[in-house]
Every structure is written in C-alpha cells, then in structure tokens.
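Contents: one structure, followed by commentary.
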Amino acid sequence: MALCVTGVVTAGLVLAQAWLLSRSVSSIFATHRMDGVGRWAALLALVFCGRGLTSWATEWLSHRASAAVKSQLRGDLLRARLARPTDSSTPSGTLITLITTGLDALDGFYSKYLPQLVLAVIVPVVLAVAIGTRDVVSVVIIAVTIPLIPLFMALIGWRTEAAVRKRFRVQTRLANHFADLMSGLPTLQVFGRARAQLEGLRRTEGANRTETMRTLRISFLSSFALELLATLSVALVAVTIGFRVAAGGMDLRTSLFILILAPEVYLPVREVGARYHDSADGMAAAEAAFAVIDRAQGSPSPAPSTGAAPAPRATHSPKTHSPDTSLSAGAVDLSSPRDVPVALEDLRHTYPDSPAPALDGLDLRIEPGSLVALAGHSGGGKTTALDCLMGFLRPDSGRILVGDVDLVGASQDTWRAWRRRLAYVSQDPAMVRGSLADNLRLGAAGATDEQLRDALDRCGGHSLALDKRVDDDAEGLSAGERRRVAMARALLRVELGGAGMLVLDEPTAGLDDAAEARVLETVRGTGASVLVVSHRAAVLEGADAVVTLEAHS
C-alpha cells in the first residue's frame with residue numbers, strides 16, 4: 001500500500017516537472033525575456049527534492065519489506081529443519097547457501113524489482129492519460145509500442161529464469177561438494193586422497209563460474225534490447241511531434257510537455273525488465289526455501305489430537321532430583337515410559353521417490369524396564385523406526401502407543417512432551433563448543449560436578465577430564481570418547497532430567513569389549529525402558545528381545 005502511494009506521488013511529481021519545464025521554456029521563447037526564471041527554477045528545485053524524497057522513501061520501504069521477509073523465511077527454514085532433523089533431502093551445504101547468500105539475493109527483488117513493478121503499473125497510466133488530453137496521436141503511438149516491452153521482457157525472462165535456476169543448482173552443488181570435502185578431509189588425508197579431490201573441486205568451481213558468466217551475458221544483452229526498444233519508441237513519438245511542430249500543427253508548449261513525458265512513460269516499464277535479473281537469484285532461492293518448508297508439512301502431528309489420554313506419571317530412581325514428575329501437553333498428558341509399555345504396531349513408512357517401503361509392518365513391544373534391540377542389515381529401516389518413535393517422521397500407517405495413547409496424529413505439543421521423556425544417543429552424537437561439563441549438562445542442567453563425574457565414570461570415561469575442551473564437530477574427542485560422553489549425557493537425562501526411556505542408535509560402536517560391557521551394565525542399572533539399534537553381538541545377546549528387520553528391494 002505504501003509503495004502504491006509513493007508511485008502515485010512519483011507520477012504527480014513527474015507531471016509537475018514536465019509542466020514547469022514546458023511552461024518556463026516556452027515562455028522564454030515566446031517573450032524573449034528571462035523574467036520569472038528564478039521562480040520557475042525554485043519550483044523545479046522543489047519538484048526535484050520531492051522526487052528525491054519519494055525515491056528515498058520507496059527504497060526505505062522496500063528494504064524494510066525485504067528484511068522482514070528474509071527474517072520470516074529464515075525462521076521458517078529453521079523451524080522446518082527442526083521439525084525434520086533427520087531429513088537428508090536437503091544437505092547442510094544447500095541449507096547454509098539458502099539461509100545466507102541465497103535469501104540475501106531477495107534484496108534485489110524487494111529493493112529494485114518490486115518498486116519498479118509498482119511504478120510500471122501506476123506511472124505509465126497516469127502519464128499516458130495526461131498526454132492523451134493534449135495529443136491523441138502521441139498517446140496512440142505509446143499505446144501501440146509500450147506493450148512490446150513487456151512482450152520482450154517475458155521472452156527474455158523465461159530464458160533468464162532457466163539460466164538462473166541452473167546456476168543456483170550448480171552453486172548449491174559447489175557448496176555441498178565443499179562441505180562434504182571439509183567434513184571428510186581427515187579421512188581423505190589418512191588415506192592419501194585429499195589432494196586428488198582438488199580436480200573435482202576445480203571442475204565444480206569452473207561450472208559455477210561458467211553459469212554465472214552465462215547469466216550475466218543474458219542480463220547485459222537483454223538490458224541492451226530493452227533500452228533499444230524504448231529509445232526507438234520515444235524517437236517515434238518525437239519524430240511525429242517534430243513534423244507537426246514544423247508544419248504549425250502543434251504549439252511549442254504542448255510539444256515540450258509531451259516530449260518530456262514520453263521517456264518517463266517508458267522508463268518504469270523498461271526498468272522492470274532490467275531489474276528482473278536482480279530478482280531472479282532471490283526468487284530461485286525463495287523457491288528452494290519454500291520446497292524445504294513444504295516438505296516439513298509432512299512432519300508429525302500438524303493436526304491436534306482430539307482425544308484425551310490418561311495422565312500417567314513419571315517415577316524416577318532415588319538419584320532423581322526433578323521437581324516435576326508429571327508432564328502436560330495441551331489436552332494430552334504423557335507419562336514416563338518406566339510405568340507403561342511402548343508399542344509400535346504395524347508401522348509402515350515409505351520415503352518419497354523410493355520404490356520400496358523402509359518399514360513394512362513393524363511390530364514390537366517394549367515392556368517397562370526392558371531392553372529391546374533392533375537388528376538387521378543396513379537399509380532395513382532400523383533408524384527409520386527410531387525416527388518414527390521420536391516423531392521426526394510420520395508413518396504412513398500403524399500406531400505408536402504409549403500405554404493406551406496413540407501418538408500418530410497427535411499435536412506438536414504432545415510430540416514435544418513425549419520427546420522430553422526420551423534420552424537419545426545417535427550414531428553421530430552432537431557436541432557443542434565448550435567444556436566436557438558443558439556438554440554433559442545438556443542432559444541435566446542442574447547436575448553437580450560430582451554427578452557429572454559419576455555418570456562419565458560409569459560409561460567408561462575415567463580418563464576424560466570435565467574441563468577438557470571440546471570444539472566444533474566434537475573436535476578433541478575420538479569416536480569412542482564421543483559415544484562415552486553421549487551415553488553419560490543420556491544417563492544424566494534419565495536419572496536427573498526426568499526421561500524414562502533410552503533410545504540408542506549403535507551406542508557401543510567404536511568401544512572395546514570391556515567398555516561395551518560397562519555401558520550395557522550402566523544402561524541396565526538405570527531401570528529405564530531401552531530401544532537400541534545395534535549390530536554388536538554382546539548387545540543382542542544381552543537384550544530381552546531382538547527384532548530383526550530385513551531390507552526391502
């Protein structure tokens with residue numbers, strides 16, 4: 001709305017400028033005197049100041065709109081990622097490119113393209129009406145020639161859109177390639193393959209450079225074509241006016257008024273075409289962002305659950321210091337899985353574009369305090385089952401029962417409440433920059449140093465100091481140490497943080513037999529229900545039940 005107001009004001013100021021210029025110049029030629037030049041100049045200066053102020057206001061409004069949209073999109077992207085943290089369809093490199101440079105390109109759309117689009121709708125109409133009141137021939141020429149500019153814009157725009165989308169794909173491929181290379185650099189260096197990756201990186205970089213130059217070439221050539229078309233259209237109006245002035249069919253004041261306005265009619269439309277290239281990158285990034293956000297609509301529980309569930313309560317070991325042992329989530333109360341069985345019934349899930357289901361009728365039941373293991377070859381759906389249980393994936397069919405409460409289709413608040421009752425250790429446990437104690441307290445913020453030390457020792461971390469420094473991506477910890485810390489953190493979450501169920505994905509991989517036995521003993525000692533994915537014989541032998549999943553071809 002504000003941009004429309006500035007567009008109307010701009011059109012009025014252009015009209016005032018043309019009227020003052022034509023009136024002042026024609027009066028000087030008619031009287032051959034310079035009387036009143038100062039007054040005309042002062043009025044023109046006010047008009048110029050008004051146009052400058054309007055231009056500043058338009059730019060300010062567009063930048064505010066751009067900042068608001070970018071902020072909202074970035075927030076939506078992060079929420080979408082958090083809603084589906086296990087989604088591998090959007091690599092981290094692509095996500096980083098989207099959130100940073102990709103969405104920054106929206107400035108071109110909001111600060112350049114959109115204001116010109118508003119002006120192109122308002123200014124030519126107002127000015128054409130003003131010209132039509134003075135000369136019908138000129139307005140007919142304008143009405144015939146001005147649609148040619150949008151026509152050429154559309155033809156050029158289709159080519160530009162395809163080129164920009166291709167360049168964005170190449171750019172994201174380069175970002176993903178670089179991110180994968182950096183994450184795997186230690187392994188490549190160990191096997192002497194790091195330098196061999198330079199050639200692939202050079203090729204991807206070269207492709208990105210080629211696509212960027214192709215897009216710029218289209219931009220420059222299209223701007224030239226639009227400028228030429230607009231110039232020829234203005235020249236056609238000027239030639240017809242010149243002949244009629246020479247023949248005495250039009251006075252000087254009217255001819256000057258039309259000649260001053262004619263370029264202003266074509267200018268906003270021409271600028272829309274020129275500024276389209278500024279918006280293309282941002283729009284390509286916005287489409288990719290919307291694709292990520294739309295995929296998140298498939299995350300669990302977008303619709304609230306209508307039924308009320310019983311209100312079970314958590315029971316903890318004597319070491320538990322959690323002040324609140326009940327958890328409410330809207331109309332549904334969830335209990336600690338210590339007290340009630342957890343069951344997956346006829347669970348099925350097929351990933352998009354996958355020819356076979358990842359899960360096909362999984363049934364398992366975890367009795368309170370029992371340890372159930374998921375086994376099978378890679379691709380059998382073990383991690384998918386964990387993701388469904390924790391609410392990161394929505395199963396296509398089946399039920400996830402906590403006692404008598406079915407979590408499938410429950411509200412997001414209910415899923416968040418359920419996840420607060422879980423302690424999860426993934427295959428690649430996450431760490432934050434800081435001390436080892438900082439990472440352990442993610443499981444129980446109020447834990448003392450003595451409690452941290454006890455939990456770490458019970459998980460085999462006797463040699464790890466609480467003040468040991470951990471950098472990004474758990475740098476400073478070996479794979480085994482990382483799992484020990486993650487297990488200790490999960491232990492604290494069960495004993496001090498109110499969780500009642502352990503969900504473990506290959507928790508003992510990378511541990512020796514003694515450390516593995518110690519971890520299993522610790523897990524059993526918590527009294528919590530446990531669902532563990534493992535290929536290790538010791539884990540499977542120590543489980544109360546083993547469910548084997550087979551890969552589907």
Side-chain angles (χ1 to χ4, degrees), residues 6-23 25-26 47-48 51 54-55 58 112-161 217-280:
T6 58
V8 172
V9 173
T10 299
L13 291 173
V14 170
L15 280 176
Q17 174 185 317
W19 185 84
L20 289 172
L21 284 172
S22 61
R23 184 70 178 266
V25 172
S26 62
V47 171
F48 291 149
R51 292 194 67 176
T54 305
S55 177
T58 301
K112 297 178 181 179
Y113 178 73
L114 187 59
Q116 287 299 329
L117 187 62
V118 173
L119 292 177
V121 173
I122 297 174
V123 174
V125 174
V126 174
L127 300 188
V129 171
I131 291 174
T133 60
R134 302 296 184 92
D135 182 41
V136 176
V137 175
S138 296
V139 81
V140 169
I141 294 174
I142 291 173
V144 171
T145 56
I146 202 168
L148 296 176
I149 297 179
L151 176 62
F152 276 84
M153 282 168 47
L155 296 175
I156 294 169
W158 290 333
R159 182 70 184 89
T160 301
E161 185 177 2
R217 182 166 62 250
I218 295 173
S219 176
F220 292 143
L221 290 176
S222 62
S223 296
F224 170 75
L226 294 177
E227 289 284 349
L228 180 62
L229 182 60
T231 301
L232 292 176
S233 300
V234 173
L236 187 60
V237 174
V239 168
T240 57
I241 288 177
F243 279 122
R244 282 185 288 163
V245 170
M250 182 179 291
D251 62 274
L252 180 61
R253 181 184 299 176
T254 303
S255 62
L256 285 176
F257 182 75
I258 296 173
L259 286 175
I260 293 170
L261 287 183
E264 298 287 351
V265 174
Y266 293 95
L267 179 62
V269 183
R270 188 177 74 232
E271 285 296 314
V272 168
R275 300 301 183 187
Y276 178 80
H277 302 278
D278 295 324
S279 70

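Because only heavy atoms are used, hydrogens play no part in the values below, and waters and symmetry mates are left out as well, while side chains stay in. As the structure is a prediction and not an experimental result, all values here were calculated from the model. Nothing fancy with the numbering, it's 1 onward along the sequence.
For the residue pair V139 and A128, the shortest heavy atom distance occurs at CG2-O, 3.3 Å. Nearest heavy atoms, T133 versus A130: OG1-O, 2.5 Å.
Atom CZ of F48 is surrounded by more than 12 heavy atoms from other residues, nucleotides or ligands within 6.0 Å.
Taken from CG in L15 to CG in L20, the straight-line distance is 11.0 Å, to the nearest 0.5 Å. If you take CD1 on I241 and CG on L236, they are separated by 10.0 Å, rounding to the nearest 0.5 Å.
With sequence neighbours excluded, the residues forming a side-chain hydrogen bond (donor to acceptor under 3.5 Å, both in side chains) with T145 are Y266, listed by chain and number. A search for side-chain hydrogen bond (donor to acceptor under 3.5 Å, both in side chains) contacts involving R51 returns Q17, not counting sequence neighbours. In this structure V137 satisfies the side chain to side chain contact (heavy atoms under 4.5 Å, CB included) test together with D135, I141, R244, sequence neighbours excluded.
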Just distance, no hydrogens or angles: give the donor-acceptor pairs under 3.5 Å from side chains in residues 254-261, sequence neighbours left out.
| from | atom 1 | to | atom 2 | distance (Å) |
| --- | --- | --- | --- | --- |
| T254 | OG1 | D251 | OD1 | 3.0 |
| T254 | OG1 | D251 | OD2 | 3.1 |
| S255 | OG | D251 | O | 3.3 |
| S255 | OG | L252 | O | 2.7 |

